[in-house]
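To find a chain, count down the sequence lines: A is the first, B the second, and so on, and within it residues start at 1.
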Amino acid sequence: MSRGPELIVTEKENAARRIAEILSGGAAETERRNGVNVYRWGGKRCIGLSGHVVGVDFPPEYSDWRDVEPAELVDAPIVTEPTQENIVAALRRLARNASRVIIATDYDREGELIGKEAYELVREVNDEAPVDRVRFSSITEREVKDAFDDPDEIDFDLAAAGEARQAIDLVWGAALTRFLSLSARQLGDDFISVGRVQGPTLKLLVDREREIQAFDPESYWELFGELSKKATGAGSGGEFEAQYFYVDVDGTEAERVWDGPTAETLADALRAADGAEVDDVNRRTRTDDPPAPFNTTQFIRAAGSLGYSAQRAMSLAEDLYTAGFVSYPRTDNTVYPDDLDPRELLEAFRGTRFGDDAESLLSQESIEPTEGDEETTDHPPIHPTGELPDASELSDDEWEIYELVVRRFFATCAPAATWEHLRVVALADGEASRIGAEADPRAALREHDGDVEGDVETTGTPSLVADGGLRLKANGKRLLEAGYHEVYPYVSSKETIVPDVEAGERLDLGERRLEAKETQPPRRYGQSRLIEKMEELGIGTKATRHHTIEKLYDRGYVESDPPRPTRLAEAVVEAAEKFAEPIVSEGMTAQLERDMAAIASGEKDYDEVTDESRELLETIFEELADSREEIGDHLQESLKADKTLGPCPECDSQLLVRKSRYGSYFVGCDGYPNCEYTLPLPSTGKPLLLDETCEEHDLHQVKMLAGRKTFVHGCPQCKADAADEADDEVIGDCPECGETEGGELAIKQLRNGSRLVGCTRYPDCDYSLPLPRRGEIEVTDERCGEHDLPHLRVHSGDEPWELGCPICNYREYRARREGSELEVIEGIGEKTAEKLREAGVEDVGSLKDAEPDELADEVDGVGPDTVRDWQAKAD
DNA sequence: GCAAGGTC
């Protein structure tokens, strides 16, 4: 009997390629099976999966939402089916005659489950070959070879922990999602979802919004004075700003004065001062340690401060990873593995544009990279691979992100920075003490009347004025050693200069200011702050948190950026808090983590944990049964509130944003069909109702979200009125019907806010040319010789610009677009455009000429319908 | 068509 090949299975294609390279010493060849790369050398084959290639679901008889009571899902069977047919087929073919199978998926819980899934697929076709498991934390020669020299077994308990998570997530998510959707009669694309991760994430946002809405601002005052060293013969002294402070009842310093009259008295006192004397000088040196290596969350946060959304940052990092320039971007690890030699990696940057920084780091006697708190087994922290891109290979955004990763790695190898902090306290004297003594110290306190901060009872009296005068303080900091700031410009190293002064020194007191301020509500979570918070609470994973946020947008739960929850989101959270609390609580994940740990250690098993979870969900459904209508009504009201613009001018109902049969948006009356009042909306983008309303019509302003083409439309009634009032301005003959029918071209303002040059015989003749949305259009005396039309000039911004003859302008626009980059088409990103160019499609023009089926065959992950969709958009 | 988790 001939021995078949050994089969190695990895979690992803990239890992398969690199492992094959390492184990074969570079001799592996690539062949395609079912459109999947298989690496072969000697008696070995290596195939990469694409994460989970099978998925859990309910059997088909449960798939109709209307025929199945959501509660039935609680005890429904769960089946596992292939989701990536081609990869599953390739794996089966290879497994059939394999003599041995080695599972080399990622070294984490989900990797163990993916490995077990591969094992099951292998066993379907081959019940003899031994199946081993190898584990390594990073794909380096030493780790991989060590792992393959000493193979282990699949940890079925650990995999079962992952399976329990799958089952619980499916059952809770599907049952409650269907319940909410059915109760609100939202069954189309606009179903109402909840889940173990999206639930608590949404509640974070809703809770913050509740705090903001409940916030009651308080007034307070702060005082400032401009101090300066007295000019001496040797040179002029520096000026610096100092702030008034007093000593609170508990002995701490306080700057905010919570009472207006008291603040005024103190300001009078400060104005009466004729100078200040330095009372105390305090110098301290502080070290400022370099940052820890990047995990996914901290990477997203740093990219966020450069203006990238979480989604965009991850997509760019994935591109850089696939191209081989940075390591795997999905990781929780903040400790470099032992086999990452920082010196060696720094040397790879010699002679590049990072060369000087790399050299200066290499000149250190020893390099001890920083470490974060989290050390995991799956992947190393995100770092450059040492494979160097040519700047021209990367888009501007990719380069910026690449540089961030390189510089972060540099920073982790760099020395700490040191700062000198200088704190100066001076007393504003002269008449200040006498006048200041007139201020009521108790009134300065926030809690003085006992009701502001609840039951905080304050006793004692603060000291508003010191013996020698009004206290002023200034804090300066100077960078003594730049340390890692030299190589990592993304965190501020700004200095605040306070000049050297000595105790007892007299200072001039210049301008004095009393500033009235208000306490501010808490800020909304930004995307990266939200991801940090999710990580803190343990919800979601490094690979999914940014997707969860995208999902909240897709479901209509949040809008704009930073994400703001809609009324629908509030209603979903309210309903869940009342009837299905676990689904919006981070506690559910915490419990699940405990249960999974118990399964992994063998204390519990899959059935025990999933049965227990089903029982809890069962009781929740018992409660829900009676409240179905109540919940549904509230959800529907909230959905309507999210779409409500304001009062209808023709009846007592409200105007709503509606969607036409053709998928376009318009404004219609809630009283339809009794009231048929409508207003049009622009044809591009998805409408978002802003908080601001139109003073004249009491309607919410409308913003049209359309990616880079997003714009504020304003009040749709105002736009329609403006169009009704504007007279069409005739500029020449219609080229289509001017001679035969006498049609003329005119500049027209449409009721949906757009403008065009169109035929006066519309709709009999629909000849039209586009015009820009913004700016005033001037008809000049100059005429186009070819089309006999006047040149147009557009007044927007500071400088008017020449649009010229509208026909020539449109022709040029078309030509530019035809020859322009593929990326102008919605849905084509940089990666897809690159793939298209490889297939010989260089620009929009050649995309339009392409045969959809042929092109789809040539480009991975693109179907003929997608091509047709692009072609339609190109027109 | 539901979730969350992989991967792209």
- Message: If the test is side-chain contact (heavy atoms from CB on, under 4.5 Å), which one of A/Val36, A/Val38, A/Val122, A/Val9 qualifies with A/Leu94?
- Response: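 Exactly one pass, corresponding to A/Val38.
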Could you tell me how far apart [X] ([atom1]) and [N] ([atom2]) are, to the nearest whole angstrom?
X        : N     : atom1 : atom2 : answer
A/His546 : B/dG6 : NE2   : P     : 11 Å
A/Glu550 : B/dC8 : CD    : P     : 19 Å
A/Glu593 : B/dG5 : CD    : P     : 9 Å
A/Ile539 : B/dG5 : CD1   : C1'   : 15 Å
A/Met588 : B/dG5 : CE    : C1'   : 14 Å
A/Ile87  : B/dG6 : CD1   : C1'   : 11 Å
A/Leu158 : B/dG6 : CG    : P     : 13 Å
A/Phe621 : B/dC2 : CZ    : C1'   : 11 Å

Tell me whether the count of non-hydrogen atoms from other residues, nucleotides or ligands lying under 6.0 Å of [atom1] in [X] goes above 12.
X        : atom1 : value
A/Tyr107 : OH    : no
A/Arg567 : CZ    : no
A/Arg529 : CZ    : yes
A/Asp64  : CG    : yes

Could you please name the option among [options] that lies closest to any side-chain atom of [X]?
X        : options             : value
A/Glu318 : B/dC8, B/dG6, B/dA3 : B/dC8
A/Leu170 : B/dT7, B/dC8, B/dA3 : B/dA3
A/Phe191 : B/dT7, B/dA4, B/dC2 : B/dC2
A/Ala174 : B/dC2, B/dC8, B/dA4 : B/dC2
A/Lys12  : B/dA3, B/dC2, B/dT7 : B/dT7

Please classify the nucleic acid contact of [X] as base, sugar-phosphate, or nothing, using heavy-atom distances under 4.0 Å.
X        : result
A/Gly540 : sugar-phosphate
A/Ser63  : base
A/Gln166 : base
A/Trp65  : base
A/Arg178 : base
A/Val56  : base
A/Phe179 : nothing

Between [X] and [N], does any side-chain N or O lie under 4.0 Å from OP1 or OP2?
X        : N     : value
A/Ser50  : B/dG6 : no
A/Arg555 : B/dA3 : yes
A/Arg545 : B/dA4 : no
A/Thr544 : B/dA4 : no
A/Gln198 : B/dA3 : yes
A/Arg330 : B/dT7 : yes
A/Lys542 : B/dG5 : no

- Query: Judged by atom type as modelled, is there a donor-acceptor pair below 3.5 Å linking the side chain of A/Ser137 to the main-chain atoms of A/Thr377?
  - Reply: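 At least one qualifying donor-acceptor pair exists.
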- Which residue lies toward the 5' end of DNA chain B, A/Gly173 or A/Tyr321, if each is placed at its nearest nucleotide?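 It is A/Gly173, whose closest nucleotide lies nearer the 5' terminus.
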- Nearest-nucleotide wise, let me know which of A/Leu73 and A/Ala543 is further upstream toward the 5' end of DNA chain B.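 Nearest-nucleotide comparison on DNA chain B picks A/Leu73.
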- Please determine which of A/Thr296, A/Asn333, A/Asp378 meets the side chain to side chain donor-acceptor pair (under 3.5 Å) test together with A/Lys542.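 Single pass found, and it is A/Asp378.
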- Message: Let's go through A/Lys551 and A/Tyr557 carefully: what are the C-alpha distance in whole Å and the side-chain angles of both, what is the deciding distance for side chain to side chain contact (heavy atoms under 4.5 Å, CB included) to 0.1 Å, and is it a yes or a no?
- Response: CA-CA 9 Å; A/Lys551 195 171 272 183; A/Tyr557 291 157; over 6 Å; no
- Query: Between A/Tyr328, A/Tyr402, A/Phe299, which is the residue that forms a ring-ring contact (aromatic ring centres under 6.0 Å, His included) with A/Tyr321?
  - Reply: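 For A/Tyr321, the ring-ring contact (aromatic ring centres under 6.0 Å, His included) test succeeds with only one of A/Tyr328, A/Tyr402, A/Phe299, which is A/Tyr328.
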- Using a heavy-atom distance cut-off of less than 4.0 Å, which residues of residues 102-114 of chain A contact DNA chain B?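 A/Asp106, A/Glu110, in order of number.
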